[in-house]
Enquirer: 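Here it is, the structure, as structure tokens.
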Amino acid sequence: MGAPVPRYDARLKVTGEARFSSDMPVANPAYAVLVTSTIGKGRIASIDLDKARAVPGVLDILTQHNTSELKPVKFGDGSATSIQKLGPEIFHNGQIIALVVGDTFEAASEAAHAVKVSYDEQAPAATFGARGLQEEDATKVSQQHQHLPQAGDAERAIAGADVTIDVEYETPTQHHNPMELFTTTCAWTGDRLTVYEPSQFVYGLKNGVAQRLGIEPEKVDVISSYVGGAFGSKGTMTPRTAMIALAARRLNRPVKLAATRAQGFTVSTYRAETRHHIRLGASRDGKLVGYSHVGWEISSRPDPYVVAGVEDSAQLYAFGAVATKVNVVHADRSTPGFMRSPPVVPYIYALESAMDEMAVKLDMDPIEFRRVNDTTTSPIDGKPYSSRSLMTCYDQAAAAFGWKRRNPAPGSMRDGDWLVGFGCATALYPTHVGPAAARVRMKPNGDVHVQIAAHEIGNGVYTVLGQMAAERLGVDLASVTVVVGDSRLPPAPVAGGSNTTASSCSAVMKTCDVIRNKLFRAAVTANDGPLAGRDTEGLTLRDGQVSAPDGAADNLKDVFKRLGVSTIEEYAEFIPKGLKPDAVQDLYAGKLTMTGGPHGEKLMYATGAEFVEIRVHALTREIRVPRIVGAFAAGRLMNSRTVHSQLMGGMIWGISSALHEATEIDTARARYVNDNLADYMVPVNADVQEVEVILVPEVDHDVNPAGVKGLGELANVGTAAAIANAVYHATGTRIRKLPIRIEKLLTA
């Protein structure tokens, strides 16, 4: 495990010196305000701008009538949605239909409210159960998910099993609600555009905006030094960016936009609501013989967004026969998008709830049921796991939690008026890794400068990249300067899929090793010097010296003199095994490829086990979570402090998913009701009492050169199921629709 050093950017953030996108200074900015649709489906019949234009200080208004020069970008090619025009067709409530720009924010805001729009309205289909939905087989419409896991004859295996369950689960729409709003600032210098926007993929945004504007990508720079929360919502280009760039070009003046919190619910993405039908079959000794999982996911009318988490859930246990299917359900909603652990949060919640139900039916301890069905190979094609420490996680977490104190009978544990329940569930996340490039510069005094267009979204990327460079070049972390979040730097993948540390650290490691080898060769090929004539094998770089195993050492400054340089600067590209040789070239063009998870020669996954104690008041049905314990194994941990923070945050989000979080929908008008932080429920301090994180050591040389498995998204995968299972243990009532709230237990 890496040293638990404090965050590289900690002081900057707590003192306010860290500049986020809206903080970036531009000369004489104008201010933009969005106008969004108030209907869920239909067409704009007319738009009256007279009163808006009459507001003092209004500079420009963009509508469908003066934005035809913006080019469309196909959904899936870096664009969050194909709904990019300002009308006339309305695909969802809150769709952007106009952009008002003023000398001041107040002028633009007043004018935006003065825009009068008439619609030809139609009845929308908001969600599951509505009339007019369109359902499609995901394998027919999603290029990424053309082949979902299948093995053997699951129908026959389940039908002939000794014990079976047949259950359905539901998860709600959820919104990211990052602390930092969705903002964009665009400034032109001649024909060159600079975009300041919180982004999880600056190269994707750079190329996408260029395509929308019809200019060369080399003319666009995207700067995003810090992102104040994203969770997936800032990973792809939304329509607003090109609109702001167009407004700035029309005015020949920088333009700034900060969408409102309510607008953030519709101008960006969200976690799609899902439905699941799971059937399991097992022999009486608990051995699974069949697993069938059918999923349904809400998407927009034009876009086949789908996460198809069965790709991962089908690898989790020795299921025997497997049958999976996923359906895209098109509704009159904006297009969903990635939200922390997008495939596995809903699908593993459903599976792990079903596993608990099967354990109850078999009268088996839930841990032992999972142990009986643990596997080191894929149930689909027999591929081995690169490493798998799932049961080690269960053993350590169970011991710390005190699972042995559990009375398995539902409703049997009580503390005064409180019913006590214990629950557990598996956390699983695929190890993704993508191509990346880095530039590293080193000076004789040990100063190191690292450049890579990775993304600081709160994940600690500045810190771990600095640690990797310090480790490989043998310097103190304080001597390392890290620069990220700028499309003028060598490219890194999207900060999504928990791949950043694995991908970017591997690129920095490779670049630093080029410098190491250059210094080693200079030390041993010198005509004189303490290491002259030696083999480079066994040499190390540490404390300003090139050192041999026997203690002989050459001063770094002398090695630089022998090279005849005052600085060494190297650029290197990292391409994971299995990706094509031009993967980095594609990355420069904003095209991302990744490998890992179920793809490749071995299965690559991080795993964990989560245990929850819940308390349900016998009379009021209030639900409390006094403690939660999680043990996680994710390969090499670059910084145990930031790792602990990520895993704790993930489990807290899991509590939110289980008990609080849901975007409420007005089904008659397809509108979001709680589009604010007052009504959108998330946990507060009183909801999170004791969270224990256990870091399970794991070595995996197959995943990537850094040995890292992503874990930023791992910990919130199993929590909701663990809580649902604990609620059943406390009350004897099985709630299969999230979130679990008082009213569901009162009416059960």
Side-chain angles (χ1 to χ4, degrees), residues 171 174 176-178 229 231-232 271 339-349 351-353 356 366-367 389-390 392-403 421-429 457-460 498 605-615 623-634 637 639-661 681-696 709-727 729 738-740:
T171 67
Q174 295 177 338
H176 306 83
N177 278 311
F231 318 116
R271 193 192 299 280
M339 186 167 176
R340 197 173 188 178
S341 331
V344 284
V345 157
Y347 282 84
I348 297 298
Y349 154 71
L351 173 59
E352 284 299 290
S353 297
D356 194 75
I367 300 176
S389 306
L390 178 60
T392 304
C393 291
Y394 265 103
D395 291 341
Q396 293 193 22
F401 182 79
W403 183 257
F422 286 4
C424 65
T426 296
L428 178 85
Y429 199 80
I457 61 173
N459 48 353
S498 295
Y605 285 90
T607 57
E610 299 188 29
F611 288 76
V612 175
E613 176 185 331
I614 67 100
R615 297 191 171 215
I623 308 170
R624 294 285 180 263
V625 182
R627 61 193 185 100
I628 178 170
V629 176
F632 305 95
L637 307 178
N639 183 315
S640 57
R641 180 188 301 222
T642 56
V643 162
H644 186 278
S645 175
Q646 288 272 328
L647 294 171
M648 178 180 288
M651 287 196 286
I652 291 170
W653 194 336
I655 294 172
S656 183
S657 291
L659 302 178
H660 303 275
E661 203 168 338
M681 295 291 101
V682 295
V684 296
N685 287 354
D687 298 307
V688 184
Q689 298 180 35
E690 182 182 328
V691 181
E692 181 178 353
V693 176
I694 300 170
L695 306 180
V696 177
K709 293 180 177 181
L711 53 70
E713 298 173 87
L714 173 65
N716 70 322
V717 174
T719 323
I723 289 176
N725 297 339
V727 168
H729 179 233
L738 295 180
I740 302 170

Enquirer: What's the separation between atom CG in Asp356 and atom NE2 in His729, rounded to the nearest 0.5 Å?
Expert: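 Spacing of CG (Asp356) from NE2 (His729) equals 9.5 Å.
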
Enquirer: Measure the CZ-CZ distance between Phe401 and Phe422 for me, rounded to the nearest 0.5 Å.
Expert: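 Going from the CZ atom of Phe401 to the CZ atom of Phe422 covers 4.5 Å.
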
Enquirer: Taking side chain as C-beta onward, heavy atoms only, is Pro366 less than 4.5 Å from Tyr394?
Expert: no

Enquirer: For Cys393 and Val696, which heavy atoms make the closest approach, and how far apart are they?
Expert: SG-CG2, 4.0 Å

Enquirer: Hey, are the side chains of Ile367 and Phe611 touching, using non-hydrogen atoms and a 4.5 Å cut-off?
Expert: yes

Enquirer: When you measure from the side chain of Arg624 to the backbone N and O of Ala686, does any donor-acceptor pair fall under 3.5 Å?
Expert: no

Enquirer: Looking at CG of Asp687 and NE2 of His660, how far apart are the two atoms once the value is rounded to the nearest 0.5 Å?
Expert: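 Between Asp687 CG and His660 NE2, I get 4.0 Å after rounding to 0.5 Å.
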
Enquirer: If every non-hydrogen atom of Gly608 is compared with every non-hydrogen atom of Leu390, which pair is closest and at what distance?
Expert: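 Smallest heavy-atom distance, with atoms named: O-CD1, 3.5 Å.
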
Enquirer: Which heavy atom in Ala631 sits nearest to a heavy atom in Ala397, and how many Å separate them?
Expert: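 Looking at all heavy atoms of both residues, the closest pair is CB-CB, 3.8 Å.
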
Enquirer: Please examine the side chains of Leu714 and Ser341, heavy atoms only from C-beta on, and report whether any two atoms are closer than 4.5 Å.
Expert: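 A side-chain contact is absent here, since even the closest heavy-atom pair is not under 4.5 Å.
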
Enquirer: Looking only at heavy atoms, which two atoms of Asn716 and Gly654 are closest? And how far apart?
Expert: CB-N, 3.9 Å

Enquirer: As an exercise, state the distance from CD1 of Ile694 to NE2 of His644, rounded to the nearest 0.5 Å.
Expert: 9.5 Å

Enquirer: Are the side chains of Gln646 and Phe632 in touch, meaning some heavy atoms are under 4.5 Å apart?
Expert: no

Enquirer: If you compare all heavy atoms of Pro346 against all heavy atoms of Pro343, which two are closest, and at what distance to 0.1 Å?
Expert: CD-O, 3.6 Å

Enquirer: Taking the side chain as every heavy atom from C-beta outward, state whether Leu695 and Ser640 have any atom pair closer than 4.5 Å.
Expert: yes

Enquirer: For Gly710 and Ala606, which heavy atoms make the closest approach, and how far apart are they?
Expert: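 Closest approach of Gly710 to Ala606, heavy atoms only: O-CB, 3.7 Å.
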
Enquirer: Within this structure, what is the OH-CD1 distance for the pair Tyr349 and Ile723, rounded to the nearest 0.5 Å?
Expert: 11.0 Å

Enquirer: Within a strict 4.5 Å, meaning less than it, do heavy atoms of the Met339 and Val345 side chains meet?
Expert: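 They are not in side-chain contact.
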
Enquirer: Kindly compute the distance separating OG1 (Thr719) from CH2 (Trp653), expressed to the nearest 0.5 Å.
Expert: 11.5 Å

Enquirer: Could you check Thr426 against Ile348 for side-chain contact (heavy atoms from CB on, under 4.5 Å), going step by step and ending with a plain yes or no?
Expert: CA-CA 8 Å; Thr426 296; Ile348 297 298; 5.5 Å; no

Enquirer: Are any non-hydrogen side-chain atoms of Val682 and Asn177 less than 4.5 angstrom apart?
Expert: no

Enquirer: Any chance you could lay out the side-chain contact (heavy atoms from CB on, under 4.5 Å) test for Val643 and Val693, step after step, and finish with the verdict?
Expert: CA-CA 10 Å; Val643 162; Val693 176; 6.0 Å; no

Enquirer: By the definition side chain to side chain contact (heavy atoms under 4.5 Å, CB included), identify the one residue from Arg271, Gln174, His176, Glu713 that meets it with Phe231.
Expert: His176

